[in-house]
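The figures that follow rest on heavy atoms only: side chains count, while hydrogens, waters and symmetry mates do not. Counting starts at 1 for both ligands and their atoms, in listed order. Note that the coordinates shown come from a computational prediction; the quantities given were computed from them, not determined experimentally.
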Amino acid sequence: MKKALVIGSGISGLSVSRMLSPDFEVEILEKSDKIGGLIKCERIDGNLFHRVGGHVFNSRNTAVLDWFWKHFDQEHEFLKAVRNAKILMNDDLIGYPLENYLYQLPEEKSKSVISELLDMLTKEKKEIHEYDNFRDFLIGNFGENLYNLYFGPYNSKIWNTDISKVPLEWLDGKLPMPEIKEVILSNIYKKEESTMVHATFFYPKRDGSQFIVNRLAEGLNIRTSYQVSEINWVDGKLVINNSLDADILIYCGDVRMLSSIIKIEDVALHEALKRVVNLPSNGTSNVLCETDDNNLSWLYLPEDKFKAHRIIYTGNFSDSNNEGSTRKTCVVEFSGKQEEDLMLAELKGLPGNLKPLAFNFEPNSYIIQNKETRSDITSVKELLSKYNIHLLGRFAEWEYYNMDKCIEGAMQIREQIAIEN
Ligand SMILES: Cc1cc2nc3c(=O)[nH]c(=O)nc-3n(C[C@H](O)[C@H](O)[C@H](O)COP(=O)(O)OP(=O)(O)OC[C@H]3O[C@@H](n4cnc5c(N)ncnc54)[C@H](O)[C@@H]3O)c2cc1C
């Protein structure tokens, strides 16, 4: 049997390993002492802490759903929920996505937003590729009023950067782009938005996304606390850290690191890897908290007066997440690295009488693409394929992937490998 080494035990590495296992001898190499990457969780005195975000699952791709549900019993192991997300503005809770709930805004504000949208209806709509950057795109689609009220402040916070410098490539197919006519009709008929991937979602009854990790890892050969720092090519075989060899390698780590990890003498490859070494990304600081009861799934915080940008009510996803507390739990998310003292002060100003239980900083949460990123990554992929190295996942492919997109990517790699072998 040929040997495949998979670097990284996040959802990408676990999925592709399961898919390759029937035909290859597969081993996963994971630098951390725990498996799961961004989706791992831990219990803090009984309460479940999603160390990054608050992962829920769904997909619009039926092949991905079929593959996923082959590994889980949907009825007995998962809960299905309808999103109940709100935006906190001026101490009021407004529905999410905001454009469907303009009637909930104060009358003066909703009047100015709606009249601007009506004016925009008479003008020709630009296609996405005609916009130069994310800011212009949001203004072009939703108008200055909605931009100033919500889209500008929220996105500047979450991206932690000047969004007029953020290009649009990453956005393709990721955000719903409602027509103004649809927005107005949704407000008149008070229709719930249902096209976004997490408008309804699945969530494990126990242990959140760690449950997904543990199940997908069953039966796989995983070496933890093993950092891959050298990849070489000797006599037609891949050699890792001068000690392990493989016929195929799937890299699910950070593409920026490959320039120093790959020791293969190939000038064109190293030039391509240098072009992706400085890609910008954003981290997040997360605080697990106890909160007063509510029925929300997510609360968005666009206003400058709050440093946090979102509260994820993970305690409402499953009661078993609150086993160490008499109250519910939630995760408060801040963009970038924040000092604990600052976060503690900020929690006091947020709703729910929050009591902090644990902190985590994740340096690699959000990828930021620039105009050349997609073509640069494509060249890296092509040059690596000569050595049977494949890139897979959010930071390896530098794509704004959710879990389902990682699974979809794993399926594509399996197909590609099947053709080549
Ligand atoms: C705040 C936030 C909220 C999110 N919410 C959702 C959600 O609700 N639903 C959803 O579907 N998706 C969500 N996502 C997206 C989801 O987290 C990612 O798509 C997914 O976890 C990426 O998995 P991955 O395996 O590609 O990468 P990772 O999870 O980053 O895994 C990479 C692994 O490789 C290991 N590694 C790296 N380098 C090396 C090396 N040199 N040697 C050995 N090991 C190495 C790392 O330690 C890590 O374990 C969210 C993301 C964020 C940031």
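- Of the listed options Gly37, Cys252, Gly53, Ser15, Cys252 places a heavy atom closest to atom 27 (O) of ligand 1.
- Not a single heavy atom of Phe57 sits less than 4.0 Å from an atom of ligand 1.
- Of the candidates Val56, Val213, Leu392, Val228, Val56 brings a heavy atom nearest to atom 7 (C) of ligand 1.
- Counting non-hydrogen atoms of neighbouring residues, nucleotides and ligands closer than 6.0 angstrom, the NZ atom of Lys386 exceeds 12 such neighbours.
- Listed by number with element, the atoms of ligand 1 under 4.0 angstrom from any heavy atom of Glu333 are 1 (C).
- Salt bridge Lys405/Glu408: present, at least one basic N to carboxylate O contact under 4.0 Å.
- Taking the centre and axis of the six-membered ring of Tyr366, the NZ or CZ atom of Arg394 falls inside the cone set by 45° and 6.0 Å.
- Between Lys86 and Asp92 there is no salt bridge, since no side-chain N of the basic residue sits under 4.0 Å from a carboxylate O of the acidic one.
- At least one N/O-N/O distance between Lys31 and ligand 1 falls below 3.5 Å.
- Contacts with ligand 1 closer than 4.0 Å are made by heavy atoms of both the backbone and the side chain of Ser12.
- For Lys405, no heavy-atom contact with ligand 1 is shorter than 4.0 Å.
- With a 4.0 Å heavy-atom cut-off, ligand 1 is reached by the backbone of Tyr226 but not by any atom from C-beta on.
- Which parts of ligand 1 touch Val52 is read off a 4.0 Å heavy-atom cut-off, strictly below it: atoms 1 (C), 53 (C).
- Near Arg310, the atoms of ligand 1 lying under 4.0 angstrom from a non-hydrogen atom of the residue are 1 (C), 3 (C).
- The residue among Lys34, Glu362, His55, Met403 with a heavy atom at the shortest distance from atom 13 (C) of ligand 1 is His55.
- In this comparison of Arg223, Lys40, Arg394, the heavy atom closest to atom 51 (C) of ligand 1 sits on Arg394.
- Interface atoms of ligand 1 facing Gln227, defined by a heavy-atom separation under 4.0 Å, are 42 (N).
- Residue Gly10 has at least one heavy-atom neighbour below 4.0 Å for each of these atoms of ligand 1: 25 (O), 29 (O), 31 (O).
- Side chains of Gln210 and Asn214: a donor-acceptor N/O pair is present below 3.5 angstrom, by distance only.
- Taking the six-membered ring where tryptophan is involved, the planes of Phe151 and Phe142 are essentially parallel, since the angle between them stays under 30° and well short of 60°.
- When hydrogens are left out, the protein atom nearest atom 34 (O) of ligand 1 is Gly8 CA, 3.1 Å; that is the closest non-hydrogen contact.
- When each of Arg215, Arg206, Lys205 is paired with Glu77, the salt bridge (charged side-chain N to carboxylate O under 4.0 Å, His left out) condition holds for Arg215 and for no other.
- Trp298 and Phe201 have perpendicular rings, their planes meeting at more than 60° on a 0 to 90° scale where under 30° would count as parallel.
- The part of His198 lying near ligand 1 is the side chain, judged by heavy-atom distances below 4.0 Å.
- At a threshold of 4.0 Å, the pair Arg43-Asp207 counts as salt-bridged, since one of the basic side-chain nitrogens sits closer than that to a carboxylate oxygen.
- Using a cutoff of 4.0 Å between basic side-chain nitrogens and carboxylate oxygens, Arg310 and Glu333 are scored as salt-bridged.
- Every atom of ligand 1 with a heavy atom of Leu29 under 4.0 Å away is listed here by number and element: 43 (C), 44 (N).
- Taking 4.0 Å as the cut-off between side-chain N and carboxylate O, Asp292 and Arg327 count as a salt-bridged pair.
- Residue-ligand proximity: Phe395 is placed with every non-hydrogen atom at 4.0 Å or more from ligand 1.
- Neither the backbone nor the side chain of Glu397 comes within contact range of ligand 1; no heavy atom lies under 4.0 Å.
- Between Glu27 and Arg223, at least one side-chain nitrogen of the basic residue sits less than 4.0 Å from a carboxylate oxygen of the acidic one, meeting the salt-bridge criterion.
- Within the 4.0 Å heavy-atom shell around ligand 1 one does not find Thr284.
- Numbered from 1 in the order shown, with element, the atoms of ligand 1 that lie under 4.0 Å from a heavy atom of Gly253 read 37 (C), 38 (N).
- Close contacts between ligand 1 and Ser365 involve ligand atoms 53 (C) [criterion: under 4.0 Å to a heavy atom].
- Ring geometry for Trp69 against Phe72 counts as perpendicular: the plane angle is over 60°, on a 0 to 90° scale with 30° as the lower cut.
- What sits closest to atom 29 (O) of ligand 1 on the protein, heavy atoms only, is Leu38 N, 2.8 Å.
- Annotation: side chain of Phe49 is not in contact with side chain of Cys41 (no heavy-atom distance under 4.5 Å).
- Proximity of Ile35 to ligand 1, defined as any heavy-atom pair under 4.0 Å, is not found for any part of the residue.
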